[in-house]
Amino acid sequence: MSDNPWAFCEDQVVSLISKVTEIEPAEVRQLIEIPPDSQLGDIATTVAFYLAKKLKKNPVAIANEIVVLMREQMENHPIIRTIETKGPYINIFLNRETMAEIVLDTILSKNDEYGRTSEYAGKRALIEFPAVNPSKPWHIGHARNAILGDTLANVLETTGYDVIRIDYINDLGLQIAQLVWKLMRIPDAPKEGEKYDHYLGRLYVEVQREFEDEEAERQIREIGQQLEDPNSEAFKRGAEIVTKCVKAQNQTAYLLGIYHHYQIWESSIAHSGLLEKAKEMMLQCDSIFKMEEGEKAGCIVAKLDDLDEFKGMKEPYKVLFRSDGTRTYTGADVAFQLWKHRIVDDPFEYKELEVQPNGEPVYRTALEGEKHDIGRVDAVFNVIAAAQAHPQKLIYNILELLGYETAAKNSHHVAYEYVGLEDVEFSGRKGTWVGYTTDDVLRRARELAAEEVKKRNPDEDQEFVENVSSQVAVGALRYFMLNASPDRKITFRWSEALDFDGDAGPYLQYSHARAQRILEKAGGEHDDADLSLLTSPYEYELIKAIARFPNEVLEVVRGMNKQPKGTSFNSNRLTTYGYTIATLFSKFYDNCPVLKADGNLRAARLALVRAFRITIANCLRLLGIPVINRM
RNA sequence: GGGAUCGUAGUCUAGCUUGGAUAAGGCACCAGCCUCCGGAGCUGGGUAUCCCCGGUUCGAAUCCGGGCGGUCCCGCCA
């Protein structure tokens, strides 16, 4: 049995057209489309246009000729019912009875595995997200990153990838120096009930003002220097602060159902020997060397115009290590990227940070710990803001300079645009994120959802209300972030982000709850149903749509091509798909009674409800949206 | 200066990678729909120079060239 029923049907059509027209199947596949209106057919081909150009003949006449040939060949075809032309278009109608059987048999037998395919089986991917500074709470822009990254990881897994989810923690940045300085002056005392990351965020905004004072800045810069020494007081203090902050930030991730395998801390990159190894490798490359003269004398630089792409560049020298020997961001990032691709032996030691709510531990790199074997990696995905397209590209280009062309090719910048407010952009320094942290948004969403849940379930207890409303809140936020094309800037408005109607997460969750309710009322037993009864337009449209699920997931991964802006991840294609099947189910629900239908039809419709429930549940899990039985 | 990206109804968006039939949804607004499998739903009502100009094509929202407008990037910074 095919794990991809829609692709199976398309293949049948393609092979028939190919046979009749003697065009290669791969070419024919490019000429297949879904008609704008299902009245016109289930599958269409524009092959007549294609041949018209080649043969210099009228496409309408060609279409008519092809249809005659196709009809001759399709005697007793298992799937194709009729073929028609409409002008130059050739429209193919499938056999509804057979479709119902093929699609529902596949879904019901695959169950939780429906949607999973093996196109990328055996491949291993490493994905980094969201890499938030450990000095403040996640604002909603960070949530966008984290939700995209987590969903991409799910999607890759569904197409066969083995995925390693990592996070990067910059525990040595200026922001940490500022907080260490601040907490040397005041007691480390969050307010009653205040989350530690929110507390630091509050201090951080204060420090930005104090940083304008020259003496304060001098002291903070000095602490920044001390942070580089793992034996210093500042380092130990910083590590305490960062650990507490990261654990608080993790609570936000967990609310969203986001988990990691590893956290890579900047201090480990600095002190594990990784940098030295990487530097050594770099210096063996002809295009990376120490500048002898000029403004950048003493720096280790990459000469970028040795790559065709940068030929004729005005200032081709990119500094990797400063004249005082310290790493730049790019220098450290190159070393990190080499580690991600397993080009250098893993110098890190790992320690368990905590056990996540999914039962799995998350490990962090540490100065002392145990060795782990992360294994081979075929592709690396860095989920990073679109604004960083240039620096990301440089990192990959430098891998290329070093001779690691395959690794460079398999390095992906998964870019996404910022989340902004109506007038202002989120600014860490100005603290414009206050009131718009991910925690704030989720809390507000839970409150709104709770009102709705209470209204609908007046007899249920507080636990039920809290449980359901938090799942609705997560569903709404995750859907909101995924449904926006990553290329597009989001202007955050409460009314849109927390909308529970229409094209929104809760609508999908609701369609699942409705299907689930029908199945509960029908009782557990189900007989063999005569699925060929499912031929009404409402039933048939739903069947065709749920048949496409595995194909949709595959198409998203196949479409992840490298472009100048980065590698695009069309998360919105999957939310749109979920919305489509939920809508078709709603229409079916309103027009086709299930429990009240007679005998055979009831059994057949129940099978369809069961298949829909499986599909929407698997789709929701892919998107990280909680699957709810009652809401 | 160089580069990237976005521009689609009142509004927010999808479609552009791979050209194809009447440009598809949500929100908002109006009017209907449960003797019911849950109304977070369904049905109907309508708005668009697809930013502009040109080109390629039988065919352009989609591809190419040139503009215009918004955003972003191009440090031994962080």
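Note on naming: letters A, B, ... go to the chains in the order of the sequence lines (proteins, then strands), and numbering restarts at 1 for each one.
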F289(A) six-ring face occupied by K303(A) cation (under 6.0 Å, within 45°):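 No; the conditions do not both hold, so K303(A) does not lie above the ring face of F289(A).
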
Does [N] have its OP1 or OP2 closer than 4.0 Å to a side-chain nitrogen or oxygen of [X]?
X: Y589(A); N: rG38(B); answer: yes
X: K296(A); N: rC76(B); answer: yes
X: R488(A); N: rG7(B); answer: yes

Kindly point out which of rC12(B), rC37(B), rC76(B) is positioned nearest to the side chain of T328(A)?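 The nucleotide sitting nearest to the side chain is rC76(B).
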
Identify which nucleotide among rG26(B), rC42(B), rC12(B) has an atom closest to any side-chain atom of Y507(A), counting heavy atoms from C-beta outward. rC42(B)

In Watson-Crick or G-U wobble terms, both distances under 3.5 Å, what is the partner of rG69(B)?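 rG69(B) is paired, partner rC6(B).
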
Applying a 3.5 Å limit to both distances, which nucleotide forms a Watson-Crick or G-U wobble pair with rG44(B)?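 rC30(B) - that is the nucleotide pairing with rG44(B), both distances being under 3.5 Å.
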
E417(A) or N457(A), whichever maps to the more 5' nucleotide of RNA chain B: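 Residue closer to the 5' terminus by nearest nucleotide: E417(A).
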
Hey, which sits more toward the 5' end of RNA chain B by its nearest nucleotide, H390(A) or R322(A)?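 Its nearest nucleotide being more 5', the pick is H390(A).
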
Scan [X] against the nucleic acid and name what it touches under 4.0 Å (heavy atoms): base, sugar-phosphate only, or nothing.
X: E33(A); result: base
X: N91(A); result: base
X: K314(A); result: nothing
X: L595(A); result: base
X: R517(A); result: base
X: R327(A); result: nothing

Cationic N near anionic O, under 4.0 Å, R218(A) to E214(A):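 A salt bridge is absent here (no side-chain N lies under 4.0 Å from a carboxylate O).
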
Can you confirm whether more than 12 heavy atoms, excluding those of E447(A), are under 6.0 Å from its CD atom? yes

rC53(B) and rG44(B), which share atom name C1', separated by this distance in whole Å: 41 Å

How long is the gap from CD1 on I34(A) to CZ on R548(A), to the nearest 0.5 Å?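 One finds 5.5 Å between CD1 of I34(A) and CZ of R548(A).
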
